[in-house]
Amino acid sequence: MSTVLSRRSFLTGLSLAGVSALAACAQVPKELGAEPSLAPLAPGLQPQPAVAEPVAVVEPAANASDYARMYAAVTDGDFKLPAIRHEAVDAKYLRQLVDDPTGEAPGTLVVNTKEKHLYLVLKDGKAMRYGVGLGRQGYSWKGRAVVQWKRKWPTWTPPSAMIGRKPELEKWRTGMPPGLQNPLGARALYIYKDGADTLYRIHGSPEWRTIGKSASSGCVRMFNQDVIDLYDRVPSKTTLVVI
């Protein structure tokens, strides 16, 4: 495992890279009344932590019909997510049960930035593996942290620097409502370390073709169907390891 970066060295790295480069994953939901910050949300503004529940082992997909079911169109709240063309995706990035390669305790999340895989460690030496897409920010931090809290259909507020580069985003200065084109997708997991926001996010994406690839911006992108599945499996305070 990589050496955990101190908060000071992490922030210094961000300063060198330019915090303004942070894009979709860097924002605290506008409806929580907080501006993007490295400080934790004020007490009372954070959603209540999810109740921890045992992680259930799900059988791996055996054939194309299972993948068709897993990645079918689905109605989620007020939104209908379109089906994902799973046959056009390299099979190694589709959700599947595998032997755990991480050695971490059950319930831990592990992001392997080289493989572009996210693992949820299960019992009995197994793990649920998901494909992910990574942007610049997805490679910018490694270490151990926690899923401080989670949000369904989050809003997204582009930084002022991004609006300066892309004036068409001006209309979202006060926040882009949840929806099928929102860069954070159907779910977002917000990663904190030592009580401070790392600016690191695991989130859904409307751009399903970017899964398994490197993108220009963003943290850890997942198929919307996969991030919904992950969201339902992990409670707040889940340990995250990025390697």
Side-chain angles (χ1 to χ4, degrees), residues 1-2 23-25 55-74 76 79 81-104 106-122 125-142 147 150 154 180-189 191 200-234 238 240-243:
M1 295 295 174
S2 299
C25 63
V55 177
V57 174
V58 175
E59 293 301 317
N63 52 50
S65 64
D66 290 322
Y67 285 127
R69 172 182 52 79
M70 291 163 63
Y71 294 108
V74 60
D76 183 71
F79 306 101
L81 290 166
I84 292 170
R85 290 182 53 204
H86 63 90
E87 70 279 2
V89 177
D90 188 324
K92 67 182 179 182
Y93 298 121
L94 299 177
R95 187 195 326 163
Q96 53 196 287
L97 189 69
V98 299
D99 292 332
D100 173 40
T102 72
E104 295 290 339
T108 305
L109 291 177
V110 179
V111 174
N112 187 311
T113 57
K114 183 177 180 180
E115 295 180 358
K116 296 185 177 63
H117 283 142
L118 183 153
Y119 296 90
L120 170 58
V121 181
L122 306 175
K126 296 294 183 180
M128 188 62 68
R129 189 180 76 188
Y130 306 84
V132 299
L134 297 171
R136 287 189 301 271
Q137 296 85 268
Y139 290 104
S140 68
W141 182 83
K142 291 180 173 65
V147 176
K150 314 181 300 180
L180 297 181
Q181 300 306 312
N182 188 297
L184 290 180
R187 302 287 189 275
L189 282 62
I191 310 306
Y200 202 86
R201 310 288 186 251
I202 297 170
H203 60 89
S205 175
E207 299 176 344
W208 62 268
R209 293 181 183 275
T210 65
I211 306 306
K213 301 177 181 179
S214 297
S216 61
S217 61
C219 283
V220 179
R221 301 181 180 191
M222 302 179 69
F223 295 123
N224 275 318
Q225 281 83 339
D226 278 355
V227 79
I228 289 173
D229 181 84
L230 179 68
Y231 181 101
D232 291 340
R233 293 175 185 273
V234 298
T238 291
L240 170 72
V241 181
V242 181
I243 59 176

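Computation of the quantities below employed the complete heavy-atom set of this structure, encompassing side-chain atoms and omitting hydrogens, waters and symmetry-equivalent molecules. Fair warning: this is a prediction, and the values are worked out from it, not measured in the lab.
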A.B. asks: With a 4.5 Å heavy-atom cut-off, do V220 and Y200 have their side chains touching?
C.D. replies: yes

A.B. asks: Please examine the side chains of L189 and H203, heavy atoms only from C-beta on, and report whether any two atoms are closer than 4.5 Å.
C.D. replies: no

A.B. asks: Could you pull out the closest heavy-atom pair between P154 and A188, with the gap in Å?
C.D. replies: CG-CB, 3.8 Å

A.B. asks: Rounded to the nearest 0.5 Å, how far does CG of L120 lie from CG of L97?
C.D. replies: 10.0 Å

A.B. asks: Can you find a heavy atom in the side chain of R221 that is under 4.5 Å from one in the side chain of P183?
C.D. replies: no

A.B. asks: Do you know the tightest heavy-atom contact between T113 and L134?
C.D. replies: O-CD1, 3.4 Å

A.B. asks: Using 0.5 Å steps for rounding, measure from the CD1 atom of I243 to the CG atom of N112.
C.D. replies: 4.0 Å

A.B. asks: Let me confirm one number: the OG1-CG distance from T108 to D100, rounded to the nearest 0.5 Å.
C.D. replies: 9.0 Å

A.B. asks: Looking at every non-hydrogen atom in both residues, tell me the closest pair between M128 and R233 and how far apart they are.
C.D. replies: CE-NH2, 4.0 Å

A.B. asks: To check you understand the geometry: which heavy-atom pair defines the closest contact between A127 and V121, and what is its length?
C.D. replies: CB-CA, 4.2 Å

A.B. asks: So, using side-chain hydrogen bond (donor to acceptor under 3.5 Å, both in side chains) as the criterion, who are the partners of Y93 when residues are at least two apart?
C.D. replies: none

A.B. asks: Rounded to the nearest 0.5 Å, how far does CE of M70 lie from CD of Q96?
C.D. replies: 8.0 Å

A.B. asks: Is there a side-chain contact between L109 and L118, using heavy atoms and a 4.5 Å cut-off?
C.D. replies: yes

A.B. asks: Taking salt bridge (charged side-chain N to carboxylate O under 4.0 Å, His left out) as the definition, give me every residue that meets it alongside R187, ordered by chain and number, with sequence neighbours left out.
C.D. replies: D76

A.B. asks: Indicate the atoms forming the closest heavy-atom contact of H117 with V132, along with that distance.
C.D. replies: N-CG2, 3.8 Å

A.B. asks: Kindly indicate whether the side chain of I211, heavy atoms from C-beta on, has any atom under 4.5 Å from the side chain of D226.
C.D. replies: no

A.B. asks: Is any side-chain heavy atom of I191 less than 4.5 Å from a side-chain heavy atom of V147?
C.D. replies: yes

A.B. asks: Report yes or no: is the cationic atom of R95 (NZ for Lys, CZ for Arg) closer than 6.0 Å to the six-membered ring centre of Y71, at no more than 45° off its axis?
C.D. replies: yes

A.B. asks: Using a 4.5 Å cut-off on heavy atoms from C-beta on, say whether the side chain of V111 contacts that of Y119.
C.D. replies: no

A.B. asks: Is it the case that the side chain of K150 and the backbone of V234 share a donor-acceptor pair, with hydrogens and angles ignored and the cut-off at 3.5 Å?
C.D. replies: yes

A.B. asks: Using the ring centroid of each side chain, check whether F223 and W208 are separated by less than 6.0 Å.
C.D. replies: no

A.B. asks: Nearest 0.5 angstrom please: I228 CD1 to L81 CG, how far?
C.D. replies: 5.0 Å

A.B. asks: Would you compute the distance between atom CZ of R85 and atom CZ of R209 and round it to the nearest 0.5 angstrom?
C.D. replies: 5.0 Å

A.B. asks: Minimum heavy-atom separation for N182 and P206, please, with both atom names.
C.D. replies: O-CD, 3.5 Å

A.B. asks: Between K92 and K116, does a side chain to side chain contact (heavy atoms under 4.5 Å, CB included) hold up when you go through it step by step?
C.D. replies: CA-CA 10 Å; K92 67 182 179 182; K116 296 185 177 63; over 6 Å; no

A.B. asks: Go through it in stages, so that I can follow the logic: the residues are N224 and V74, the test is side chain to side chain contact (heavy atoms under 4.5 Å, CB included), and I'd like the CA-CA distance, side-chain angles, deciding distance and then a yes or no.
C.D. replies: CA-CA 10 Å; N224 275 318; V74 60; over 6 Å; no

A.B. asks: With a 3.5 Å distance limit and no angle check, can you tell me whether E87 reaches the backbone of A68 through a side-chain donor-acceptor pair?
C.D. replies: no

